[in-house]
Structure formats: structure tokens, C-alpha cells
Participant: 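Below is the structure I would like to discuss, written out as C-alpha cells.
Just so you know, these numbers use all the heavy atoms, side chains as well, and skip hydrogens, waters and symmetry mates. Here is the naming used below: chain letters follow the sequence lines, and residue numbers restart at 1 for every chain. Values in this document were obtained by computation on a predicted structure and should not be read as measured data.
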Amino acid sequence: MGHIKSVLGVIIERSYFYGVIILDYDNYDESSSITDPSGFFAELESIYSDTNSGEADKSADSLLAELNAEQKAAVSHLDGPLLILAGAGSGKTRVITYRIAYMMKKHSVQPSSILAITFTNKAANEMKERITALVGDRARYIWCGTFHSIFARILRRHAELIGYSDNFTIVDTDDQVKLIKDSMKELDIPESKVKPKSVQYEISSCKNHMISPEEFKEDAAGDVYRLMVAKIYKRYSEKLVQNNIMDFDDILLNMSILLENNPDVLDFYNDKFKYIMVDEYQDTNLPQYRAIMLLASKHKNICVVGDDDQSIYSFRGADVRMILNFEKDFPGCKVIKLEENYRSTKTILEAANEVIANNTKRKSKALRTSGAQGDKIIVMNADDQVGEAYFIANTIKTMKQKGKFGYSDCAILYRVNALSRSVESALREKGIPFKVYGGLRFYDRKEIKDILAYLRLINDSKDNLAFERIINVPKRSIGDTTVEKIREIAIEENRSMFDICRDAASYSELSRVSAKLLYFVDLIDKLRAPIEEKSFRDYVEYVENESGIIEEIIAQREKKGEVVDRVENLKELLTEAAEFEKNHRVEKDEDELPVEITDDLDELENRTASTTSGLLTLYLENAALYTEGDSNDESEDFVRLMSIHSAKGLEFGSVFLIGVEESVFPSYRSITSEEDLEEERRLMYVAITRAKKNLFVIMTRQRMLFGQTQYNMPSRFMREIDPALLYKMGAERKPAKTDDAVVPMREDARKSIANALSSGFRKEASKKPKEGLTPDQIKAGMEVKHDRFGIGKVLKVEPVGGDALVTVDFDGMRKNMLLNSAGLKKV
DNA sequence: TTTTAATGTGTTTTT
DNA sequence: CACATTAAAA
């Protein structure tokens, strides 16, 4: 019965696809496989086939059979508000995904009426995958994503209602600071008086608490500094609207404003999203909270999941009270507590419980497990960060050799991203594959942003921010003064800077540089011209090559001895572009709009384009929200390195927690405030509970961080764990007492001899010629050997400025490398 | 006016 | 240490 119902549901919902299918039939080519873009055929296949024993075939009731009593209650709860307080490792994600699957299978809830929101891209991807595993392809109709991505999508639809147009740009923090600086310049506020970065922080904080520039000004009341900030805030806000730009905070803020001021829009989404789920609810801030409350106001079918002990985003305006007050927001709501932990050993759980018990502001609860006691927590006291790194590399290697863990079962977690460096080099040296998550986000890298700026300017010549970024990249002898002049003229005439550039010859102020400016205009025109002749991926590659960025990077590398291969990053961008194209390109009749915006809002989920320029537009819309694609990594066996923040929601067989020292963790910025300290403690709680079987805690006596050697005490949090749970290695040291006055030891020898020596060393090392194949020796198809990756086969050789970019296949792992620095040898 | 070299500065965590 | 801003040189 359930099957029949869901089949009907599918057919009704997908009936419009028949048109596409019939059209395709006309061009049907026997030799190729059937095109099945919607997955409709595949789905029919899986529904009707009894032989398919995949999880997608689970009946609604068999879903429940796998759950404990509390989980069952949560999953089968359909209507009305529901609060799930889920401790770490209590099967939270499982409950969410199963609940969605159950709603669809048991109650025939339309997937397009379900809204499932998480905080990070990683969590969203994970959720999508797991739901797909349960219900099959229908999962794609669920509105599942991060707050930012979903809200941005809705905002585009109704942009005009809040004074924007639908192609608004989303800018990251860097561009945000740039705009703030511009605003300050216009207001004649010197950067010596007010730091742009702290203004950025203030503004962000205002938006997170929904304080308007006017309100901020009133609050400032006479305070000279804050009045200046208020002015900048106001100017900055105007700038955003004028230039059709939103920053990250705006996406959340504008969403709640949109819903608040437009009853008809609210009404529409009230009806559309009949069921709303929010994961990590303890991390919501005010705008998010307001938006969610409005969205849920009609049906009140809202289910929030969270854990007050895992609230670690208060710096972003997250407010634990949101989850603590849920019962007040929805009197009589159902509350379910999940306290049974299925993840960690007793030892790990006890340690976590002991640590978090020291926090005063929390709902008291204790995780329990019926699992094994497990190994003690290994506490390693290393001499310095190098010793720390080698300890980890050796331990991982040993565990791998003994078959205890695979590489992908191991994670190295840290409080600050900067700690990853030394571990990276140790892992590299030992030949252990790894991947660093977070830190400098892929899309934040200079070279990536430069290319993106080219694409943005090609896509929209009015994008002044992009214009300013690349007008002199690579160097074209166009300096600040010239840019300043162009900007003034542009403001004066209310035209784009690129337009002014095009007419450079007609402005006397620009006559001297007009040749250079025109060269730039020609370049952009030249780049723009062949867009429709190429696939999206190839077009991006074309821009990378023709813009001269690659040449410049190579030139710089030669001079400075660049360690990071920026060219590799650019090639990685092509992979992303190809992936994007795969998901968003669709063949269409020529007379249709390049970008398909249907009136059916369900289709917004997967917007498509038929032309390359259309794809480019789509791609750029959300570029600021993208993270490095980590979905297809699952099969590979490698160690993961990430901050504790980004590890939330994940679990690993074996966790190495590094830098567990006072002033690193807890951070020196937190140790003065009791409240911040509690957040650090929650962070420690999150870190500990990531581990399933083994936890290694590593601290060092001396650490080189931010260019200075620090001598820190072991973290106070280690004192909170019963010593009986610990196995200590290395030199014995007492953890810091909570009330110890902590003096962050800073060596004030800024220009020490050591510094001078080491920098001299580096230059010398880079001069050393790399032995290995040269560009004229290497050919595609050749077998080569690499120090780290071993034997591989050359797939492609591409000459670039005296060097060559080679693509090598190392046993299924493809790597792009610059030949002169790769040190490849012929086999 | 732009490029280069020297000096200064800050450096949590994420979308 | 990495990066950004500032001062001197081209």
C-alpha cells in the first residue's frame, strides 16, 4: 500500500517531465544510453524492482525497527512542534534523516514541502546523501541546505521587495572589509582612528543582533568612536544596496526582514514548507531564529535538534537561549531527549562528561553508553610542535600497519588552523595521505578570487569590485591613482568603472594611461568573445590561461621560491567547474532564456542553464558560499585535518587533539571571561566526543606559533578529567590551575638572529636546482616517479612560461603539478 | 605614477 | 610568520 501511494505521489509531482522525455525520444540514439536527467526512470526501476535490496527499499516500518524508544518517538512524531535534545553521538543525524524518510514513506509527505536546514555545507551534503540512501532520488526535491544557501535562493526570488535585483552579488569578508575601507575614505575617516577590521566586526555583530545603523547611532549617544562606526555602518549599508551586494550576515538578516514585511510572501512559504527541521539549533542567531519562527508560524510543524553543550558559535551571534526557550516559544511542544551514546567508548564519554560538568550554564544531562570501557586516553607531552607532529605521524603509520585503523579513520583536530602546518609536513615526510579542511577556504585563495573576479567582470561589466581587483592583476602598470580617478568619474557620471575605462581616451585625466586601460578593455572583450564556443570548464581554463595570471604566478614562484602551488589550485577550480557543469547544464531550444527561471519554485532547487554564459551567471551567484567539494572524497583513504569547529557533527575512530595548552586551547582571548571560557569548554567537549575508539591528547612544552616561541602550561581542561582515565606519555607536567594567572609568554626578540638565519636558509634552499625531468623531456604517456606519490603515468603536458604543467595519474589519484618543482623522474 | 624594498602589525573559530 | 601598509627609488 505504502508503495502505491508513493508511486502516485511521484507521478503527480513529476508529470511535467513527460514532455522532456518525449522530446528526447525523438532524438533517441540507439547507441547512447537513455538520458535520464531527473532520475525518473531509475526511480521507477527501484520502486518496482523487488530484487533491489538497497536501503532505498526499506519500508516505513522497517525504518523504525532500527531505532531505540526515544529515537522512534522522534521519528514517528509528525505534526506539531518538536524539540530534540540530542547529546553527542546519540544518533542525531540518523533521527533527522529517518524522520524525513518516514514522513515521506509513511505519511506520503511531499518532499518539496520539507525544509531541512543545517549550518555547514559539510553537514548539508551528508544529510542529502543519507536521505538519498533511504528514499532514493526523490530526496532531491527536499529543500535541504545551509541557512545561507537556502535563504539566498529565496531572496533572489523576491529581491525586488527588499530593494535588490535578483542577480545580487554575495561578498565574503575580504570584500566586505574593502567596502568598509571605501566607505571610510568617502567619509574622511582615517584608518588610524578606526580600524576597518574592527568596524567589520561591529557591523557584523549589529546585523547578528538586528540593530540598524540608526539604532546603533542612538545607542552610541555621544561616544565619539561609536558615532564614527555608526556613520561608516550607515554608509556601508547604502553602498551595499546601491551596488546590489549582500554580505553573509545580510542573507540572514534580509530573509527575516523579507518575511516580516511581506505577508503574502510569508504566506506562500508558510504553505509551501509544511515541515521544517533545523539541525544544530543551539547555534542559531537572532535573524535565523526570527526567520524560522516566521516560516513555522502557520503549521507549527517545526522540529529542532540540538545540544546546548555543543554551542560553539556565539562569536557569530549564536545564542543558546534560543534552544533553551523553545519550550516557551511553543508551549506544550513535545520534548525528546536522546542521551544514549552509540559512538564512543565509556572512557571517552566519562572524560567528556567530567569536562562539561564544570560549566554552570547548562541543562544538566549525562550521556550514557552500554558500550565497552575501551582504551585509556593517551596524553602525550611533546617537546615542541615538531615532536608533536612526528608522534602523530608515527602513531598513525603504526596503527595503519597493524590494521587497527585506516587513514580515513584518523582525524587531527585543533583549536586554530595555524596549528596544522607542522603536522602537514610530518605527514608528508612519512608518506601519509591527508587532506586539510578549512583554514584558508579554497574560494578565499588569492589566485582563485582573481580568476573569479575576471569571470565576474566578464559576466557583468558593472561589477566594480571585480574591476578594482583585477585592473592591475597581472601587473599592467595601472596604479592606485589611476583607479581612484576612474572611480571618481564613475561616481560622477553614474556609470560603471569598466565603461569609463572603455572611454578612457575622452577623459583628459586619463589620457596618459588610456593606452593601458584600453588594452585591459580589449583583454576582457577578447576573453568574453568565445564563451559560447566552449564548455564551461574549458572556458574557465581559457580565462586562466589568457588572462596572464598563470604566467604571473610562475614568474613570482621563480623569484621567491613559492611553496604552495597556486597553479594546482587553479586547476582544481577546473574540476569544480566541470562538476558544476555536470549538475547544471541542460540542453535547451535556442529561443529559450539562457537562464531558466521557472515559476515553479520547486525547480529553484536545481536551476539549470543551456548556455555557457548562463552557467557562468549561475555559478557566480553563489560562488561566495561554496566550499571545496568534499563529497567525492569518501572513497579515498586519507587522514583528515580540521579545526574543532568544522569537526562538529563528524566522528572518527581515532582522534588526535593537538595544541592542548593554555592560551592555545583555551584561547588566550577567552581566558579573561568566564563566559568565553565556558564556550571553550564546550569546544573541548565537542572535540573529545568526536572520537569513537581512541583519543590522543597532545601538548607541547614549547611551541612556535605566529612566529614566536611560547612556553605554555598544559590546558586547564586536562585537570578536569579523572587521571585514572589517562595514560600519560612523555615528560610529566601539571595542568594549569583554573585560577592561575596565565602569562602568555612572548619572546620579544622580533628580529632575532634565528629569524634572519632561517629566512636566509629558505632562499638558499629554493635556489637549489631540482633534479628531475625538464619540460622538453617529458611526454604524455610516460611513466614517472614522484618522491611522495610514487609511480604514476603522465596524462597531459601543458607548457606554461618556461615550465610545464603536467597532469599525472598516481594509481587513480590525479595530480596537477608544475614540472620544475615536482622533481619527477623517468622510470 | 608605479614598482620595489623596508617596515609594521596582528593572528580564533564559519557562512 | 604572513600580509598589508608605508617610504624610497625607478
Participant: For A:Phe119 and for A:Ser667, locate the closest nucleotide of DNA chain B by heavy-atom distance; then report the residue assigned to the nucleotide nearer the 5' terminus.
Facilitator: A:Ser667
Participant: Hey, does the side chain of A:Lys516 come within less than 4.0 Å of B:dT2's phosphate (OP1/OP2), counting only N and O?
Facilitator: no
Participant: Among the nucleotides B:dT15, B:dT13, B:dT11, which one has an atom lying closest to any side-chain atom of A:Tyr668?
Facilitator: B:dT11
Participant: Among B:dT11, B:dT15, B:dT13, which is the nearest nucleotide to the side chain of A:Thr120?
Facilitator: B:dT15
Participant: Within the 4.0 Å heavy-atom criterion, would you say A:Tyr313 contacts the bases, only the backbone, or no part of the nucleic acid?
Facilitator: sugar-phosphate
Participant: Could you state the atom-to-atom distance from CG of A:Asp480 to C1' of B:dT4 in whole Å?
Facilitator: 14 Å
Participant: Just N and O in the side chain of A:Lys122: are any of them under 4.0 Å from OP1 or OP2 of B:dT14?
Facilitator: no
Participant: Assess the side chains of A:Glu661 and A:Thr700: does a donor N or O sit below 3.5 Å from an acceptor N or O?
Facilitator: yes
Participant: Reckon A:Thr481 has a side-chain N or O less than 4.0 Å from the OP1 or OP2 of B:dT2?
Facilitator: yes
Participant: Give A:Lys485 one of three labels, base, sugar-phosphate or nothing, depending on what nucleic acid heavy atoms sit under 4.0 Å from its own.
Facilitator: sugar-phosphate
Participant: Among B:dT13, C:dA4, B:dT15, which nucleotide sits nearest the side chain of A:His148?
Facilitator: B:dT15
Participant: May I ask you to test the A:Leu618-A:Phe580 pair for a side-chain heavy-atom distance under 4.5 Å?
Facilitator: yes
Participant: Measure from the ring center of A:His148 to the ring center of A:Phe119 and say whether it is less than 6.0 Å.
Facilitator: no
Participant: Under 4.0 Å from OP1 or OP2 of B:dT15: is there any side-chain N or O of A:Thr173 that close?
Facilitator: no
Participant: Should A:Lys92 and A:Asp279 count as an ion pair when the cut-off is N to O under 4.0 Å?
Facilitator: yes
Participant: Please determine whether a side-chain nitrogen or oxygen atom of A:Lys195 lies at a distance below 4.0 Å from atom OP1 or OP2 of B:dT9.
Facilitator: no
Participant: Is it the case that the side chains of A:Ser670 and A:Glu680 hold a donor-acceptor pair, with the cut-off being a distance below 3.5 Å and no angle test?
Facilitator: yes
Participant: Are any of A:Asn472's side-chain N or O atoms less than 4.0 Å away from OP1 or OP2 of B:dT3?
Facilitator: yes
Participant: Can a side chain N or O of A:Lys475 be found less than 4.0 Å away from OP1 or OP2 on B:dT1?
Facilitator: no
Participant: Side-chain N or O of A:Ser477 less than 4.0 angstrom from OP1 or OP2 on B:dT3?
Facilitator: yes
Participant: So does A:Thr482 get a side-chain nitrogen or oxygen closer than 4.0 Å to the phosphate oxygens (OP1/OP2) of B:dT1?
Facilitator: no
Participant: Are A:Tyr626 and A:Tyr619 close enough that their ring centres sit under 6.0 Å apart?
Facilitator: yes
Participant: Check this for me: does any side-chain nitrogen of one of A:Lys449 and A:Asp175 sit under 4.0 Å from a carboxylate oxygen of the other?
Facilitator: yes
Participant: Here's a test of your reading of the structure: between A:Arg476 and A:Glu680, which maps to the more 5' nucleotide of DNA chain B?
Facilitator: A:Arg476
Participant: Applying the side chain to side chain donor-acceptor pair (under 3.5 Å) criterion to A:Asn285, which one of A:Asp319, A:Asn208, A:Asp249 satisfies it?
Facilitator: A:Asn208
Participant: Taking Watson-Crick (N1-N3 plus N6-O4 or O6-N4) and G-U wobble (N1-O2, O6-N3), each under 3.5 Å, can you produce the dot-bracket string of DNA chain B? Use [ ] for crossing pairs and | for inter-strand ones.
Facilitator: ||||||||||.....
Participant: When you measure from the side-chain N and O atoms of A:Asn417 to the phosphate of B:dT13, is any distance below 4.0 Å, counting only OP1 and OP2?
Facilitator: yes
